[in-house]
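Residue numbering restarts at 1 for every chain, and letters A, B, ... go by the order of the sequence lines. Note that the coordinates shown come from a computational prediction; the quantities given were computed from them, not determined experimentally.
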Protein chains: 2
Amino acid sequence: MSHSHTLIETLRQRGYRVTPQREMIVEAVAHGRHTTAEEVFERVRERTQAVNIATVYRTLDLLVEEGLASRTDLGGGRVVYATAEHGPHIHLVCLQCGRVIEAETDLLESLVQELEARYGFVCAPQHLGISGLCADCQKAGAHDKTFEEE
Amino acid sequence: MSHSHTLIETLRQRGYRVTPQREMIVEAVAHGRHTTAEEVFERVRERTQAVNIATVYRTLDLLVEEGLASRTDLGGGRVVYATAEHGPHIHLVCLQCGRVIEAETDLLESLVQELEARYGFVCAPQHLGISGLCADCQKAGAHDKTFEEE
DNA sequence: TTCCTTGCAAAGGCTTTGCACACCG
DNA sequence: CGGTGTGCAAAGCCTTTGCAAGGAA
């Protein structure tokens with residue numbers, strides 16, 4: 001609540017207009033940890049019909065452009081948003097059950113350094129998920145070879 | 001050539017029918033290092049009109065299911081394929097110029113181990129690209145803030 | 001009052017699917 | 001021949017866009 005309020009104030013200070021739609025969309029993004037555009041839309045719709053999916057996309061783009069939210073591509077066409085205040089984190093995406101686990105970014109430190117040292121490549125690992133199999137699916141699906149085969 | 005020939009023979013041995021379309025599609029995938037479905041289609045089309053994009057998608061799916069090719073989601077809706085013989089590698093995707101750099105997987109060893117240790121998550125980092133800025137774009141676009149903002 | 005924002009509907013890009021015909025084995 | 005594989009065209013999904021009306025400042 002106060003979290004999304006801060007974001008709204010920031011938008012206002014930067015000269016953007018504060019509309020009920022933007023308030024509700026920002027609140028919906030701030031509510032989840034990693035949320036799809038569709039989920040944002042649905043959450044807002046629970047409150048009112050006065051929001052269009054196009055506005056959701058436009059507002060999410062605005063938040064990302066203004067650095068107030070992050071956009072992460074989890075692969076397979078799944079894109080999730082999170083407010084910047086959540087802080088950077090990695091998304092572990094289970095190929096089997098689709099679950100998303102958040103991991104700390106310290107895991108990536110050595111990788112980030114090596115990529116820069118070897119290739120001069122400065123990366124933003126938060127932009128993409130890492131796919132694999134979660135602990136549960138490994139037990140449950142030891143017989144399923146989908147993963148190993150690829 | 002002999003590379004794609006091997007793949008075709010494998011398909012035959014596994015009971016799949018060998019059609020001219022499959023031969024050409026497999027050759028096109030084997031030709032590149034990371035190729036989109038559209039690129040495969042275009043390469044085949046240079047030889048003959050007798051191929052449909054739907055067949056390209058179906059054949060690529062088949063190759064992936066059979067473990068003969070890998071599918072990597074580079075983010076932003078870009079999906080590339082590579083024959084399994086190329087061996088696993090990481091794709092570094094430049095957010096600015098779109099270039100794709102291939103990196104060695106040894107970079108990921110510690111990350112993979114840590115993810116398993118901390119979360120029991122067994123990952124396939126080859127499935128997803130890592131986005132960031134390549135060396136050239138860092139120099140060229142020091143003024144461009146697109147990257148930092150997200 | 002100004003002109004930024006929104007809703008609506010259509011268009012886009014990529015991928016999948018249903019169906020009848022073609023052709024590999 | 002039998003059944004797999006293909007072409008074609010349509011549909012599906014997700015996202016973007018043009019335009020006129022609405023509303024924040």
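- Distance CZ (A:Arg22) to P (C:dC4): 11 Å, rounded to an integer number of Å.
- Residue A:Arg58 places none of its side-chain N or O atoms closer than 4.0 Å to OP1 or OP2 of C:dT6.
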Output one line per pair: protein atom, nucleotide atom from nucleotides 21-25 of chain D, and distance, for all N/O pairs under 3.5 Å.
unit_1	atom_1	unit_2	atom_2	d
D:dG23	N2	A:Arg17	NH1	2.7
D:dA24	N3	A:Arg17	NH1	3.3
D:dA25	OP1	A:Arg12	NH1	3.4
D:dA25	OP1	A:Val18	N	3.2

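- With contacts defined as side-chain heavy-atom distances shorter than 4.5 Å, the pair B:Val79/B:Arg71 qualifies.
- Between the side chains of B:Glu104 and B:His89, no donor-acceptor pair is found at a separation under 3.5 Å.
- At distances below 3.5 Å, at least one donor-acceptor pair connects side-chain atoms of B:Thr48 with backbone N or O atoms of B:Ala50.
- In this structure, the nucleotide among D:dG7, D:dT6, C:dG7 sitting nearest to the side chain of B:Asn52 is D:dG7.
- One atom, CD of B:Gln13, and another, P of C:dG25, lie 13 Å apart when rounded to the nearest Å.
- Across the protein-nucleic acid pair, B:Glu38 atom CD and C:dT16 atom C1' stand 15 Å apart, rounded to whole Å.
- Rounded to an integer number of Å, the gap from CZ of B:Arg14 to P of C:dG25 is 16 Å.
- Distance check: A:Thr83 OG1 to A:Arg33 CZ gives 8.5 Å after rounding to the nearest 0.5 Å.
- Looking only at atom types and distance, the side chain of B:Glu114 has no donor-acceptor partner in the side chain of B:Tyr119 under 3.5 Å away.
- Spacing between atom CD of A:Glu66 and atom P of C:dC4 amounts to 15 Å, rounded to whole angstrom units.
- Taking atom CG of residue A:Leu60 and atom P of nucleotide D:dT17, one finds them 15 Å apart after rounding to whole Å.
- Under a 4.0 Å N-O distance rule, the pair A:Glu27/A:Arg47 qualifies as a salt bridge.
- Computed from coordinates, the A:Phe41 CZ to D:dC14 C1' distance equals 13 Å when rounded to whole Å.
- The interatomic distance linking B:Ile53 (CD1) with D:dG5 (P) rounds to 19 Å, in whole Å.
- At the phosphate of C:dC24, neither OP1 nor OP2 sits under 4.0 Å from any side-chain N or O atom of B:Gln21.
- Distances from the side chain of A:Ala54 to the nucleotides C:dA9, D:dG5, D:dG7 place C:dA9 closest.
- Remark: the backbone N or O of A:Arg17 is paired with a side-chain donor or acceptor of A:Arg22 at under 3.5 angstrom.
- In this structure, A:Val51 and B:Arg78 both approach DNA chain C, and ranking their closest nucleotides by distance from the 5' end singles out A:Val51.
- The side chain of B:Thr55 contributes an N or O atom lying less than 4.0 Å from OP1 or OP2 of D:dG7.
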